[in-house]
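Data block below; observations after.
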Amino acid sequence: MTPIPESLLDTTLTREDILLDYRIVQRSRHASLIGRREVLSGKAKFGIFGDGKELAQIALAKVFRKGDFRSGYYRDQTLMFALEAFSVQEFFAQLYAHADVAADPSTAGRGMNAHFATRLLNPDGSWRNLSETYNNASDVSPTGAQMPRLVGLAYASKLYRELSDLKHLSQFSRNGDEIAFGTVGNATCAEGMVWEAINAIGVLQAPAVLSIWDDGYGISVSNEHQMVKQNMSELLKGFQREPGRTNGYDLYTVRAWDYLALVETYQKAAEIARTEHVPALIHVIEVTQPQGHSTSGSHERYKSKERLEWEQEFDCLNKFRAWIIEQSIATAEELQRIDDEERTGVEATRKRAWEAYTQPIQADAQEVADILDEIAPHSAHAARLEQIKQRLLNQQLPLRREIMIGIREALLALRAEPIPGKQVLTAWKQKLEPVQTDRYSSHLYSQSAEAALKVAEVRPVYSDNASQIHGFELLNTCFDAALARDPRVVAFGEDVGRLGDVNQGFAGLQAKYGVLRVSDTGIRETTIIGQAIGLAMRGLRPIAEIQYLDYLLYAIQIISDDLATLHWRTKGGQKAPVIIRTRGHRLEGVWHSGSLMAGALHLLRGMHILVPRNMTQAAGFYNTLLRADEPALVVEVLNGYRLKERLPDNIGEFTVPLGVPEVVRSGSDLTLVTYGATCRLTLEAAELLAQVGIEAEVIDVQSLLPFDLPGRIVESLKKTSRVIFIDEDVPGGTTAYMLQEVLEKQGGYQWLDSPPRTLPGQPHRPAYGSDGDYWSKPNTETIFEAAYEMMHEVDPERYPVFYK
Ligand SMILES: Cc1ncc(C[n+]2csc(CCOP(=O)(O)OP(=O)(O)O)c2C)c(N)n1
């Protein structure tokens with residue numbers, strides 16, 4: 001190994017620094033070793049650790065400044081320890097799934113071990129000062145899913161540096177000096193979204209520094225099967241910038257055990273990224289994985305004897321130790337003392353974490369045991385109760401689940417005995433339920449003062465001479481007002497910048513607000529969303545466009561796994577108020593007419609899903625969302641842009657409340673529930689029905705998540721006793737969802753006199769052409785016939801079938 005250059009020893013690295021680094025490496029290694037033992041002995045369910053990756057992370061920590069962000073994965077515990085962004089006690093609390101924010105601030109026991117997250121929000125949901133903390137965007141398990149948001153986390157620095165109207169937001173940035181550090185495994189580099197993100201960051205010239213921890217494997221599969229030439233450095237060569245000539249990256253390759261080279265590399269890469277906004281890729285090679293991939297298996301099954309021997313020799317800890325001794329920085333004895341101290345320290349901390357986790361559960365078990373003791377003398381099942389009690393008190397791995405099972409068993413045994421003490425048991429059970437709901441199910445949506453449901457409704461105001469304009473012009477006016485009102489608002493997507501989107505919603509706005517506020521992106525749906533997530537996590541208000549609803553599928557994984565779960569998986573510790581704007585339901589052909597609403601609806605819980613029937617409603621939703629702090633998907637109706645609507649005087653101010661359907665036609669015979677493009681068709685069908693004496697009430701749901709909070713649909717059923725749910729989704733899709741909401745949740749079944757019906761599209765994609773459309777989706781005539789049929793069943797004489 002290289003001797004310490006004088007410059008480094010003199011200026012940045014002292015002997016104390018190096019020994020502290022050694023101490024942290026040891027601490028982290030012991031945390032991994034002890035963590036694995038805890039899982040194998042049954043005290044935790046699963047463990048994945050950062051052994052073998054310690055030294056590179058020590059080097060990374062040296063350049064990580066307050067205000068910077070990390071978007072990484074489960075191998076990064078050493079970085080966390082080095083930054084003191086995450087304590088050893090928190091590490092074990094997370095391993096044990098301690099469901100308490102105080103014990104596991106990253107996930108409150110909801111995430112897996114080694115899933116790190118900084119609390120970016122105050123308990124009331126407002127932003128903390130992110131310039132004063134080391135910021136970790138909440139980790140997720142799907143490999144590569146940390147990459148799309150890295151685009152936005154890094155790009156935010158560019159916007160903060162270059163947009164003068166953002167300068168006052170010092171709580172989020174100081175002149176855009178922040179770096180977004182990414183970390184990713186070698187095998188994950190075979191994922192498409194990794195390449196998409198690397199390309200996007202390079203195009204945007206955003207200050208990201210991405211480290212690839214290359215240990216040669218992805219679980220058992222070696223690089224031979226992961227990438228061409230088995231070597232990411234080789235493949236990345238084309239991304240190398242040519243200063244003054246091309247954009248791109250600075251590329252570095254460095255060995256995972258070479259302390260000085262690592263320190264120098266990170267210093268250089270970070271310096272350039274921070275000052276010049278040139279991104280860097282650091283390929284860290286010769287990484288080892290001493291304990292194998294995770295606690296789920298052992299690497300002896302797939303690594304050769306030679307490889308295992310090599311890993312032992314090149315283990316960064318062993319190399320670091322040897323180098324320190326060789327450089328006479330410390331003796332073997334001194335290092336052994338550090339090792340011993342760290343082992344003992346980590347073990348003692350682990351014990352504290354275990355006790356903190358188990359004691360409240362044991363206290364709960366004791367309370368229930370005491371109740372059982374009180375009941376037992378009055379019951380014929382005393383022996384059974386004693387058995388349950390013993391089981392609760394002697395749990396090896398204390399779980400509240402066992403307490404609940406015990407209570408339920410006891411209540412079953414006691415069901416025929418009118419013992420007064422039983423009520424104490426049921427009361428205890430009832431008291432626990434909301435506590436557990438808070439532990440595991442809170443914070444799916446915002447609970448802050450800016451929650452979308454708290455945004456006050458402002459009705460649109462029309463002057464007598466309100467102009468009639470095209471739908472796209474109405475939206476354009478709304479976006480113009482939003483960009484003028486709030487400098488944090490940025491809009492981007494394919495064709496959004498220069499063209500102003502394919503339907504002109506942003507036409508002229510790039511010229512007015514500049515290329516950084518209204519921007520074109522490459523064709524890269526996954527990282528358009530990632531860009532939005534990262535920007536939103538850094539305090540900006542992105543409107544990210546997916547050109548057509550059909551292409552949401554390209555991004556649905558990241559929206560589902562990252563965006564929709566973010567607030568929940570951190571128990572309110574992080575938020576990303578991203579507005580995803582798209583258009584769909586009906587145009588032409590298989591991939592421009594899809595209405596994959598149920599897919600979105602079921603995969604995106606944690607977001608709001610809005611389906612306005614026209615552009616006025618859409619504008620009102622955007623106005624609501626821009627005043628709220630939550631992510632949402634807005635699906636505009638594709639064939640509505642050219643229809644004329646009246647322009648409200650308060651286009652930038654009026655709001656449409658979420659979760660409130662609108663009765664768009666009243667009637668007394670049956671209720672037709674729909675949304676989006678089928679609204680207009682249903683209204684046309686209702687006119688036809690009126691011609692034959694049937695008065696249909698038409699309800700536009702307009703907000704699928706949340707759904708009909710005031711219960712307007714059931715109010716309608718009380719009047720009509722009949723209902724049909726209509727949309728363009730597949731059978732059993734969103735119509736079935738609406739049916740469940742109305743009949744089961746709202747109790748609508750009680751008011752029905754006819755069997756409820758759904759009228760969705762065909763189970764296949766919509767065929768091309770007008771005939772293809774007619775026979776793929778509901779239309780005015782099929783809606784008419786469905787409604788007429790229902791009335792025919794009620795009164796065949798009055799409504800004879802005339803069309804069969
Ligand atoms: C999308 C996805 N596919 C598969 C997995 C299962 N899995 C977890 S880790 C892993 C290997 C990752 O290897 P690498 O990127 O080299 O990182 P390492 O764990 O070796 O640090 C796999 C396949 C996953 N978590 N996500």
Side-chain angles (χ1 to χ4, degrees), residues 28-29 32 35-36 39 45-57 60 70-80 111-116 138-150 181-198 210-228 230-233 235-236 256 281-303 307-308 310-311 314-316 526-527 530 553-562 565 569 603:
S28 185
R29 183 61 62 91
S32 299
R36 184 174 173 89
V39 177
K45 295 213 80 168
F46 175 77
I48 193 151
F49 305 108
D51 44 308
K53 279 102 186 157
E54 293 96 342
L55 211 52
Q57 293 178 31
L60 201 172
R70 162 187 163 278
S71 190
Y73 75 120
Y74 48 77
R75 298 292 181 204
D76 296 344
Q77 71 197 48
T78 313
L79 173 66
M80 299 295 108
M112 247 181 191
N113 96 291
H115 283 53
F116 310 108
S138 161
D139 294 355
V140 291
S141 300
T143 52
Q146 71 274 35
M147 292 295 294
R149 78 168 98 90
L150 182 66
F181 289 95
T183 68
V184 68
N186 53 291
T188 297
C189 294
E191 292 277 14
M193 68 175 76
V194 173
W195 291 94
E196 188 180 313
I198 289 176
L210 176 64
S211 302
I212 302 169
W213 310 141
D214 191 345
D215 59 17
Y217 289 82
I219 309 186
S220 68
V221 183
S222 67
N223 278 351
E224 182 191 350
H225 301 285
Q226 305 286 1
M227 74 230 20
V228 171
Q230 309 182 36
N231 185 343
M232 279 302 288
S233 287
L235 301 193
L236 290 169
L281 287 158
I282 303 179
H283 184 199
V284 181
I285 57 170
E286 301 190 14
V287 182
T288 67
Q289 205 165 71
Q291 298 194 111
H293 176 77
S294 72
T295 51
S296 297
S298 77
H299 56 161
E300 286 81 8
R301 284 183 301 166
Y302 50 84
K303 285 181 188 162
R307 170 79 194 185
L308 290 167
W310 177 88
E311 289 210 8
F314 283 81
D315 181 334
C316 64
T526 304
T527 53
L553 290 183
Y554 271 65
I556 200 107
Q557 179 273 333
I558 208 68
I559 308 175
S560 179
D561 281 332
D562 195 6
T565 65
R569 72 178 190 263
L603 290 167

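When a ligand or atom number is given, it counts from 1 through the structure's own listing order. The structure presented is a predicted model; accordingly, all values stated were derived computationally and were not measured.
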Aromatic ring pairing Trp310/Phe314, orientation class (parallel under 30°, perpendicular over 60°, tilted between)
parallel

So Tyr74 and His293, would you call those rings parallel, tilted or perpendicular, with 30° and 60° as cut-offs?
perpendicular

Roughly how far, to the nearest 0.5 Å, is CG of Asp562 from OG1 of Thr526?
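Between Thr526 OG1 and Asp562 CG, I get 11.5 Å after rounding to 0.5 Å.
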
Thinking salt bridges, do Arg75 and Asp139 make one under a 4.0 Å N-O criterion?
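Here Arg75 does not pair with Asp139 in a salt bridge, since their nearest N and O are not under 4.0 Å apart.
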
Residues in the immediate environment of ligand 1 (any heavy atom closer than 4.0 angstrom)
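Close residues (ligand 1, cut-off 4.0 Å): Tyr73, Tyr74, Arg75, Ser141, Pro142, Thr143, Gly185, Asn186, Ala187, Thr188, Glu191, Asp215, Tyr217, Gly218, Ile219, Gln289, His293.
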
Only one of Val221, Asp214, Ile219, Asp215 passes side-chain contact (heavy atoms from CB on, under 4.5 Å) with Tyr217; say which it is.
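The passing option is Asp215.
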
Sub-4.5 Å side-chain heavy-atom contact between Glu300 and Leu308:
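Touching, per the 4.5 Å side-chain cut-off.
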
